[in-house]
Amino acid sequence: MATTRIANAHWEGPLMGGQGTVSLDSSKIGTYEVSWPSRAEEPNGRTSPEELIAAAHSTCYSMALSHGLAGAGTPPEKVDTKAEVTFQPGEGITGIHLTVRASVPGLAAADFEKAAQDAKANCPVSKALAGTKITLDAALV
């Protein structure tokens, strides 16, 4: 069964001097402030589209890797993924770097690397962001 998730953005004023909010409506977990400086400079307690993408990508990737490892008979004890989304004003999102560290008892490093690359290529968020260069640093801990 398909699912749909909902977020809403509200913006007031011009890009450079304006500000807004984004609400996570499906989960009802919060409304967060956004502004151009929080996107192109320092966050200063506000979020950005790139931070939200990083959250989505790191979560999706961890889930995909965990699923792939379990399906291969080597379920992970833990998977920690950091996603770094780079935004360049005037260009847009120029890349995403995933760093994953996982504990997978009995799995060889080469097999882990293969599973990690497969998850990068096939997690739904990676597929949605296929037009963006995605790099990966994967290691067992």
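Everything numeric in this text was worked out from a predicted model, so none of it was measured.
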Side chains of Thr81 and Ser62: donor-acceptor distance under 3.5 Å anywhere?
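Looking only at side-chain atoms, Ser62 and Thr81 do form a donor-acceptor pair, the distance falling under 3.5 Å.
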Between OG of Ser66 and OH of Tyr61, what distance do you get to the nearest 0.5 Å?
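If we round to the nearest 0.5 Å, Ser66:OG and Tyr61:OH are 11.0 Å apart.
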Quick check for you: to the nearest 0.5 Å, what is the distance between Leu24 atom CG and Asn8 atom CG?
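Between Leu24 CG and Asn8 CG, I get 10.0 Å after rounding to 0.5 Å.
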Heavy atoms from other residues, nucleotides or ligands near NE2 of His67 exceed 12 (cutoff 6.0 Å)
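Counting neighbours around NE2 of His67, 12 or fewer heavy atoms of other residues, nucleotides or ligands fall under 6.0 Å, so no.
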What verdict does the side chain to side chain contact (heavy atoms under 4.5 Å, CB included) test give for Arg101 and Asp137, after you've listed the backbone C-alpha separation in whole Å, the side-chain angles of each residue and the deciding distance to 0.1 Å?
CA-CA 9 Å; Arg101 299 294 180 259; Asp137 171 14; 2.9 Å; yes
Test item: [X] and [Y] side chains (from C-beta on) under 4.5 Å apart, heavy atoms:
{"X": "Phe87", "Y": "Pro49", "answer": "no"}
{"X": "Gln117", "Y": "Lys114", "answer": "no"}
{"X": "Glu42", "Y": "Pro37", "answer": "no"}
{"X": "Lys133", "Y": "Thr94", "answer": "no"}

For the pair [X] (side chain) and [Y] (backbone), establish whether a donor and an acceptor sit closer than 3.5 Å, ignoring hydrogens and angles.
{"X": "Ser126", "Y": "Ala121", "result": "no"}
{"X": "Ser38", "Y": "Thr47", "result": "yes"}
{"X": "Ser58", "Y": "Ala54", "result": "yes"}

